[in-house]
Every structure is written in structure tokens, then in C-alpha cells.
Amino acid sequence: INAEYGVPPHFQFFCSCYQVDKFCLRQFDAPDYVGTKIPSTVTKEQFLSHVNSLLQQGALSLKEGYAPFCKHVFVPNFIPGLKVGSVAIDSSNISFLRSGYLSRTPKELPVLSRWFARDEVQIPDAKFLDLILYSREQIIAENIAMGESVEGHPDDYEWGIIGIKGQLEDYELPMQPITMMRNALGKEEGGSGVPLDRTKYLFSVSYWDKHAILQ
């Protein structure tokens with residue numbers, strides 16, 4: 001397991017295996033992680049072993065993401081107890097909806113967010129995992145822009161997993177509006193540098209107006 005490189009939320013996608021990068025360790029280790037939390041009953045080694053087995057079997061295929069440097073891999077949820085990372089807002093839970101300013105890392109600006117506390121609402125088990133990948137070039141570019149060292153960065157992989165999303169669907173869900181805005185702000189603010197697409201933004205709003213993440 002490689003947890004020394006200061007790249008963003010990343011597992012690293014090698015030609016024949018995955019490795020864990022320290023930003024993505026939050027999903028395993030951070031108790032207040034916002035989104036899909038990996039149960040403590042599953043270790044990083046066990047997660048990697050299963051994903052690497054699927055990779056070796058040729059069972060993983062890349063799907064297009066929101067930009068050329070972004071791809072998705074969808075796999076059936078193989079982790080007992082892993083929940084979805086967001087739920088629909090309805091009359092039974094809307095009174096538990098919280099809001100505040102959150103940042104994903106100390107270097108990012110906090111942004112206004114809303115969420116449900118995991119212990120206050122009903123959360124279904126995830127049926128699928130969406131593994132979100134960025135190209136090695138994009139990972140390095142974002143690190144440099146955020147002032148992170150890339151000295152010694154591995155050069156033997158093409159894609160790095162920047163996040164794991166537990167969900168009920170086997171396709172990409174809309175990116176949160178604030179994530180689109182952060183991306184448009186540029187790499188120096190923790191985004192990807194992709195300009196805001198008004199049509200995609202409004203579609204995202206229509207989805208996230210009725211859903212909220214979990215913390």
C-alpha cells in the first residue's frame with residue numbers, strides 16, 4: 001500500500017493492480033467523511049485484493065466521465081454493510097437536514113453544503129460501487145497547482161481512483177453543483193479546471209435539490 005504521495009483523492013490505477021493513495025484513505029479512516037464511508041470491517045488490503053482480482057480477470061471496463069481525463073468503473077457492491085453516499089429528501093427526513101461550510105481538505109476553501117447525519121436517517125445498502133478515475137497527468141497537474149510535491153510520484157500507472165461512491169445505480173449520478181463550481185475555479189482551488197456547463201449544472205441542481213449527502 002502506497003500512502004506517501006500527496007495526490008488528491010486517489011487510488012492509483014496500475015497496469016496490473018491498484019494502490020491506495022493517502023487522500024482516498026479518508027473514506028476508510030475519517031469518521032466524519034462526507035459521502036460513502038467504507039465500513040471498518042473491511043481493510044484497505046481486503047478492498048484492494050478484491051478489486052485487483054476483478055482487474056486480473058478482465059472484469060473491469062472504463063466508462064466515460066465528465067472530461068477526457070475522467071473515467072468510471074462500476075462494480076457490484078462486494079462490501080457487507082457499505083451504505084449509499086446520499087439519500088433522497090422526503091417528508092420523513094427533511095427535518096434532519098443540516099447545513100454548514102465544509103471543505104474536503106485543509107487547502108480548499110470551505111463551501112456551503114447540506115447533509116444528513118448518518119445516525120439520524122435510514123440508509124440503504126449500496127448495490128454498486130462507482131470507482132471514479134482521473135488520468136495520471138491530471139492527478140499530477142492538480143497536485144502541482146495545490147502546492148503538493150510530486151517528487152517520486154509513480155510513473156507506471158495510467159489512471160488513479162479519486163473516489164468510491166456507493167449507490168443503487170450502475171451508472172454515473174450527477175456531480176454536485178458546488179463541485180462543478182469548484183472545478184470551474186481551477187486547479188489552484190482544488191478543482192479540475194473544467195469550465196462550467198450551464199445545461200449540466202441545471203441538470204445537477206434538479207437532482208441534488210431532492211437528495212443530500214451523508215456525513
Practice task
Decide whether Tyr66 and Ile162 are clustered together by the hydrophobic rule: side chain heavy atoms of Ile, Leu, Val, Met, Phe, Trp, Tyr closer than 4.5 Å, transitively.
Solution key: yes
Handout entry: Side-chain heavy atoms of Pro124 within contact of Val87, under 4.5 Å
Key = yes
Exercise for the section: Start with the C-alpha distance between Met181 and Tyr201, add both sets of side-chain angles, then the distance that settles side chain to side chain contact (heavy atoms under 4.5 Å, CB included), and finish with yes or no. Expected result: CA-CA 9 Å; Met181 286 191 172; Tyr201 181 86; 3.2 Å; yes
Fill in the blank from the handout: For Asp170, the side chain to side chain contact (heavy atoms under 4.5 Å, CB included) test, sequence neighbours excluded, returns Phe128
Practice task
Verify the cluster assignment for Leu214 and Val111: are they in a single hydrophobic cluster under the rule of side-chain heavy atoms below 4.5 Å apart?
Solution key: no
Practice task
To the nearest 0.5 Å, tell me how far Gln215 CD sits from Arg114 CZ.
Solution key: 14.5 Å
Exercise for the section: Please confirm whether the backbone N or O of Met175 pairs with a side-chain atom of Ser204, one donor and one acceptor, at under 3.5 Å? Expected result: yes
Exercise for the section: Considering only Ile, Leu, Val, Met, Phe, Trp and Tyr, and joining two whenever side-chain heavy atoms are under 4.5 Å apart, list the other residues clustered with Tyr171. Expected result: Val34, Leu102, Trp115, Leu173, Tyr207, Trp208, Ile213
Exercise for the section: Report the distance from atom CG of Asn183 to atom CD of Gln176, rounding to the nearest 0.5 Å. Expected result: 11.5 Å
Fill in the blank from the handout: So CG of Leu133 and CD of Gln138: to nearest 0.5 Å the spacing works out to 12.5 Å
Exercise for the section: Evaluate whether atom CG of Leu97 has more than 12 neighbouring non-hydrogen atoms of other residues, nucleotides or ligands under 6.0 angstrom away. Expected result: yes
Handout entry: Close side-chain approach of Lys210 to Ile89, heavy-atom, < 4.5 Å
Key = no
Exercise for the section: Side-chain contact test, heavy atoms from C-beta onward, threshold under 4.5 Å: evaluate it for Lys107 versus Glu148 and give yes or no. Expected result: yes
Exercise for the section: Indicate yes or no: does Asp29 engage Lys44 in a salt bridge with an N to O separation below 4.0 Å. Expected result: yes
Problem - ILVMFWY network linking Leu196 to Leu185, side-chain heavy atoms under 4.5 angstrom - result: no
Practice task
Any chance you could measure Gln27, atom CD, to Lys37, atom NZ, to the nearest 0.5 Å?
Solution key: 9.0 Å
Practice task
Quick one: do Ile132 and Ile161 satisfy side chain to side chain contact (heavy atoms under 4.5 Å, CB included)? Show the steps, please.
Solution key: CA-CA 5 Å; Ile132 307 169; Ile161 300 180; 5.7 Å; no
Handout entry: pair Phe47-Ile164: side-chain heavy atoms closer than 4.5 Å
Key = yes
Practice task
Give the intermediate values and the outcome of side chain to side chain contact (heavy atoms under 4.5 Å, CB included) for residues Ile178 and Leu112.
Solution key: CA-CA 8 Å; Ile178 194 60; Leu112 184 60; over 6 Å; no
Problem - Between Ser192 and Tyr134: side-chain donor-acceptor atoms closer than 3.5 Å - result: no
Problem - Sub-4.5 Å side-chain heavy-atom contact between Leu62 and His72 - result: no
Exercise for the section: Check whether Ile123 and Phe96 end up in the same hydrophobic cluster, where Ile, Leu, Val, Met, Phe, Trp and Tyr are linked by side-chain heavy atoms less than 4.5 Å apart. Expected result: yes
Problem - Leu82 side chain near Ile38 side chain, heavy-atom distance below 4.5 Å - result: yes
Handout entry: Sidechain N-carboxylate O distance under 4.0 Å for Arg98, Glu120
Key = yes
Exercise for the section: State plainly whether one hydrophobic cluster holds both Ile79 and Phe74, where clusters connect Ile, Leu, Val, Met, Phe, Trp and Tyr through side-chain heavy atoms under 4.5 angstrom apart. Expected result: no
Exercise for the section: State whether Glu172 and Lys165 are salt-bridged, where the test is any N-O pair (Lys NZ or Arg NE/NH1/NH2 against Asp/Glu carboxylate O) under 4.0 Å. Expected result: no
Handout entry: Carboxylate-amine/guanidinium proximity below 4.0 Å for Glu108 and Arg182
Key = yes
Problem - Side chain to side chain, Leu129 and Gln167, heavy atoms closer than 4.5 Å - result: no
Problem - side chain to side chain contact (heavy atoms under 4.5 Å, CB included) assessment of Glu64 paired with Lys71 - result: CA-CA 5 Å; Glu64 295 298 322; Lys71 307 292 182 185; 2.7 Å; yes
Exercise for the section: Answer yes or no: does atom CZ of Phe78 have more than 12 heavy-atom neighbours from other residues, nucleotides or ligands under 6.0 Å? Expected result: yes
Practice task
Taking the side chain as every heavy atom from C-beta outward, state whether Lys187 and Glu142 have any atom pair closer than 4.5 Å.
Solution key: yes
Practice task
Determine yes or no for a side-chain-to-main-chain donor-acceptor pair under 3.5 angstrom, with Asn77 supplying the side chain and Ala126 the backbone.
Solution key: yes
